[in-house]
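If you read the sequence from its start, that first residue is 1, and numbering goes on from there. All values reported here derive from a predicted model rather than from experimental measurement.
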Amino acid sequence: MGTFLFDSVVFGPVFSRRLGRSLGINLLPDTAKICNYDCVYCECGWSSQKKEHHARLHTVSEVVSELEKTLRSFRMEGKEIDTITFAGNGEPTLHPSFKEIMDEVIRLRDFYYSAAKIAVLSNASRAHIPEIREALMKADLNILKLDTAVEDTFRMINKPPAGFTLHHLLQNLSLFRKGLIIQSLFVRGIAEGKYVDNTTEKEINAWLEEVKRLAPELVMIYSIERATAAGTLEKVSLPELQEIARKVALAGLQAEVYY
């Protein structure tokens, strides 16, 4: 099984390990991954600058039209939705109209499925931008990425843009004093000829210190589920993930394992 791209603006609902019956919103092109990270474990594969150059983002009107059509149809059919989730083919906050789209999604949610939560899966790299942070703060669930607290590992696993360091990421995460959810993916294996492992004692201890400092409402712990960009990665075992969660719990924070 290879990596994949979402081929529509709205997809699902799918049953998510984290979000229940989740209706996804893909603001990014159907034909290319657009992300300022290039994570070795990404299910959408590697970023392709050539494809991105020609790819077209979904417009605000397209997103609103497709989402309203879907929500209206689902309500008439009696389908249940737990969350409406910004996900898709890359980093959703890269869309230049992310703030406007967030407001429209909230409006439609309130009208059609008022009990559903709005979630954003983000790498938090743009949370320092005021309008992005303002939009994120309107979501019910900000699920923000922190896979490691070691700079070299951060660069190996997440491959952030030039000039963006782990320190910048931790600063951005610190801006969320309320409602922060940390998502952490643990993995080991060969990535582009180098061995990477964020499950060692050194890695976990450093990561745990930052998690304690950030004091999120929840830590989501998981490993790979499908094919990844670097096809030589190993899925971390359930007992190992549970042990990491136990350490988070001993620190007085809530942790959940998804396997």
Side-chain angles (χ1 to χ4, degrees), residues 16-19 35-43 87 91 119-125 127 141-161 164-259:
S16 164
R17 293 183 291 170
R18 296 167 289 176
L19 301 171
C35 193
N36 52 357
Y37 278 23
D38 207 5
C39 298
V40 298
Y41 57 70
C42 185
E43 298 172 350
E91 172 56 37
V120 182
L121 305 182
S122 172
N123 61 29
S125 63
L141 303 171
N142 272 296
I143 305 174
L144 307 180
K145 183 188 302 294
L146 179 64
D147 297 326
T148 177
V150 176
E151 179 69 39
D152 288 346
T153 309
F154 174 59
R155 307 213 73 77
M156 288 177 67
I157 289 181
N158 299 125
K159 298 186 180 303
F164 188 80
T165 67
L166 177 64
H167 177 70
H168 292 131
L169 172 60
L170 294 171
Q171 283 186 315
N172 283 0
L173 293 173
S174 298
L175 297 171
F176 292 81
R177 296 298 182 184
K178 181 180 179 182
L180 173 63
I181 298 173
I182 293 292
Q183 61 166 348
S184 298
L185 187 143
F186 293 94
V187 70
R188 64 173 69 95
I190 302 297
E192 297 188 305
K194 296 181 180 180
Y195 185 75
V196 62
D197 184 355
N198 63 343
T199 69
T200 66
E201 183 177 3
K202 174 187 174 183
E203 287 279 346
I204 297 301
N205 288 342
W207 170 84
L208 186 59
E209 286 304 308
E210 292 300 336
V211 169
K212 289 191 290 187
R213 185 182 63 81
L214 292 167
E217 292 187 2
L218 174 65
V219 182
M220 294 179 166
I221 295 171
Y222 59 114
S223 189
I224 58 177
E225 180 71 11
R226 303 182 182 91
T228 61
T232 49
L233 300 175
E234 303 172 18
K235 184 172 183 174
V236 176
S237 70
L238 179 58
E240 290 176 278
L241 298 179
Q242 290 173 329
E243 175 59 18
I244 295 170
R246 186 186 70 83
K247 292 180 179 180
V248 174
L250 287 175
L253 298 169
Q254 183 181 356
E256 294 180 358
V257 173
Y258 304 88
Y259 193 75

Donor-acceptor side-chain pairing of Glu240 and Ser237 below 3.5 angstrom = yes
Sequence-distant partners of Glu234, side-chain contact (heavy atoms from CB on, under 4.5 Å), two or more places apart = Arg188
note = Nearest heavy-atom approach of Glu209 to Lys212 is OE2-NZ, 2.9 Å
message = For the NZ atom of Lys247 and the CG atom of Asn205, what is their distance to the nearest 0.5 Å?
response = 6.0 Å
ask   = How many angstroms lie between atom CD1 of Ile190 and atom CG of Asp197, to the nearest 0.5 angstrom?
value = 10.5 Å
task = Hey, could you give me the CD1/SG distance between Ile157 and Cys42, rounded to the nearest 0.5 Å?
result = 13.5 Å
request  = Can you measure from CG (Asn198) to CD1 (Ile204) and round to the nearest 0.5 angstrom?
outcome  = 6.5 Å
ask   = Can you tell me if Trp207 uses its side chain to pair, donor with acceptor, with the backbone of Leu146 under 3.5 Å?
value = yes
query = Glu91 versus Tyr37: any side-chain heavy-atom pair under 4.5 Å?
reply = no
remark   = With sequence neighbours left out, the residues meeting salt bridge (Lys or Arg N to Asp or Glu O under 4.0 Å) with Glu217 are none
ask   = Backbone N or O of Ser125 within a donor-acceptor pair of the Asn123 side chain at under 3.5 Å?
value = yes
message = Contact between Leu141 and Leu19 at the side-chain level, heavy atoms closer than 4.5 Å - yes or no?
response = yes
Under the side-chain hydrogen bond (donor to acceptor under 3.5 Å, both in side chains) test, residues paired with Ser223 that sit two or more places apart = none
query = Which pair of non-hydrogen atoms, one from Ala149 and one from Ala206, has the smallest distance, and what is that distance?
reply = CB-O, 3.4 Å
inquiry  = Can you tell me how far apart NZ (Lys202) and OG1 (Thr153) are? Round to the nearest 0.5 Å.
reply    = 7.0 Å
request  = Report yes if the side chains of Glu256 and Leu218 come closer than 4.5 Å at any heavy-atom pair, otherwise no.
outcome  = yes
request  = State which residues pass side-chain contact (heavy atoms from CB on, under 4.5 Å) with Glu151; sequence neighbours excluded, sorted by chain then number.
outcome  = Phe154, Arg155, Thr165, Leu166
message = Given 3.5 Å as the limit, does a donor-acceptor pair link the side chain of Asn36 with the main chain of Pro161, or not?
response = no
request  = Could you tell me which non-hydrogen atom of Val257 sits nearest to which non-hydrogen atom of Leu241, and how far apart they are?
outcome  = CG2-O, 3.6 Å
ask   = Is there side-chain contact between Thr148 and Met156, with at least one heavy-atom pair below 4.5 Å?
value = no
message = Within the 4.5 Å heavy-atom criterion, are Cys39 and Lys145 side-chain neighbours or not?
response = yes
side-chain contact (heavy atoms from CB on, under 4.5 Å) partners for Leu180, two or more places apart = Leu144, Leu173, Phe176, Ile182, Leu214, Pro216
key: Side chain proximity check, Val236 to Ile244, heavy atoms < 4.5 angstrom   = no
inquiry  = Restricting to side-chain hydrogen bond (donor to acceptor under 3.5 Å, both in side chains), what partner residues turn up for Tyr259, sequence neighbours left out?
reply    = none
ask   = Counting only N and O atoms by type, is there a donor-acceptor contact under 3.5 Å from the side chain of Asp147 to the main-chain atoms of Leu185?
value = yes
note = Here the pair of heavy atoms bringing Val219 nearest to Val248 is CG2-CG1, 4.0 Å
query = Where is the tightest heavy-atom contact between Leu233 and Val40, given as atom of each residue plus distance?
reply = CD1-O, 3.5 Å
key: Closest non-hydrogen atom pair, Leu175 against Ala127   = CD1-O, 3.6 Å
Nearest-0.5 Å distance, CE of residue Met220 to CD1 of residue Ile143 = 4.0 Å
